[in-house]
Amino acid sequence: MKQNQWMSLLGLANRARKIISGEELALKEIRNGKAKLVLLAADASANTTKKITDKCNSYNVPLKMVEDRDLLGQAIGKEARVVVAVLDVGFAKKLVTLLD
């Protein structure tokens, strides 16, 4: 049940234009301090995982893993996505509680 809840909330955040998907765009938002939470697919490449993890750690952005890229893409109504950055504090806090 929790899986459906976080996916629905992420879809809602997408419709509210409060998320950015894609590795380079997410990295840019982390650097700008706009990313409040980063979701990373567990099946991301080792290089991408290291890059995103290091960037999140150095900028103190919370990072959560989700099962796979297809699930992350499906949640926002697009094809497979590896990285999604949430730009809104409210959505980020709720997603953290649902993904814990």
- Task: Find the distance between CG (Leu99) and CH2 (Trp6) and round it off to the nearest 0.5 Å.
- Result: 6.0 Å

- salt bridge (charged side-chain N to carboxylate O under 4.0 Å, His left out) partners of residues 84-95, not counting sequence neighbours, each pair once: none

- Note on the structure: Sequence neighbours excluded, the answer for salt bridge (charged side-chain N to carboxylate O under 4.0 Å, His left out) partners of Glu29 is none

- Task: Could you tell me which non-hydrogen atom of Ala41 sits nearest to which non-hydrogen atom of Arg69, and how far apart they are?
- Result: CB-N, 3.5 Å

- Go through the steps to decide whether Val83 and Leu39 satisfy the test side-chain contact (heavy atoms from CB on, under 4.5 Å), and finish with yes or no. CA-CA 6 Å; Val83 182; Leu39 302 175; over 6 Å; no

- Decide whether Tyr59 and Ile20 are clustered together by the hydrophobic rule: side chain heavy atoms of Ile, Leu, Val, Met, Phe, Trp, Tyr closer than 4.5 Å, transitively. no

- With sequence neighbours excluded, tell me which residues meet salt bridge (charged side-chain N to carboxylate O under 4.0 Å, His left out) with Lys50. Asp54

- Message: Same cluster or not: Phe91 versus Met7, using hydrophobic residues (I, L, V, M, F, W, Y) connected whenever any side-chain heavy atoms lie under 4.5 Å apart?
- Response: yes

- Message: Show the nearest heavy-atom pair for residues Ser45 and Thr48, with the distance to one decimal.
- Response: OG-OG1, 2.9 Å

- NZ (Lys28) and CG (Asn32) are apart, to the nearest 0.5 Å, by 6.5 Å

- Item | From Lys18 atom NZ to Lys34 atom NZ, the distance as rounded to the nearest 0.5 Å | 11.0 Å

- Output for pair (Leu95 CG, Ile19 CD1), nearest 0.5 Å, gives 9.5 Å

- Option passing side-chain contact (heavy atoms from CB on, under 4.5 Å) with Cys56 (candidates Leu63, Leu27, Leu40, Leu37): Leu63

- How long is the gap from NZ on Lys55 to CD1 on Ile52, to the nearest 0.5 Å? 9.0 Å

- Task: Please identify each residue that fulfils salt bridge (charged side-chain N to carboxylate O under 4.0 Å, His left out) with Lys64, with sequence neighbours left out.
- Result: Asp100

- Note on the structure: Heavy atoms of Met65 and Ala42 approach each other most closely as CE-CA, 3.9 Å

- Message: Taking salt bridge (charged side-chain N to carboxylate O under 4.0 Å, His left out) as the definition, give me every residue that meets it alongside Asp68, ordered by chain and number, with sequence neighbours left out.
- Response: none

- Task: Flag yes if Leu9 and Val86 sit in one hydrophobic cluster, no otherwise; membership is Ile, Leu, Val, Met, Phe, Trp, Tyr, and two members link when side-chain heavy atoms are under 4.5 Å apart.
- Result: yes

Please report, to 0.1 Å, the donor-acceptor pairs under 3.5 Å made by any side chain of residues 70-81, with sequence neighbours excluded.
residue: Glu79; atom: OE2; partner: Arg81; partner atom: NH1; Å: 3.2
residue: Arg81; atom: NE; partner: Ser21; partner atom: OG; Å: 2.8

- Item | Shared hydrophobic cluster for Val66 and Val38 (ILVMFWY, side-chain gaps under 4.5 Å) | no

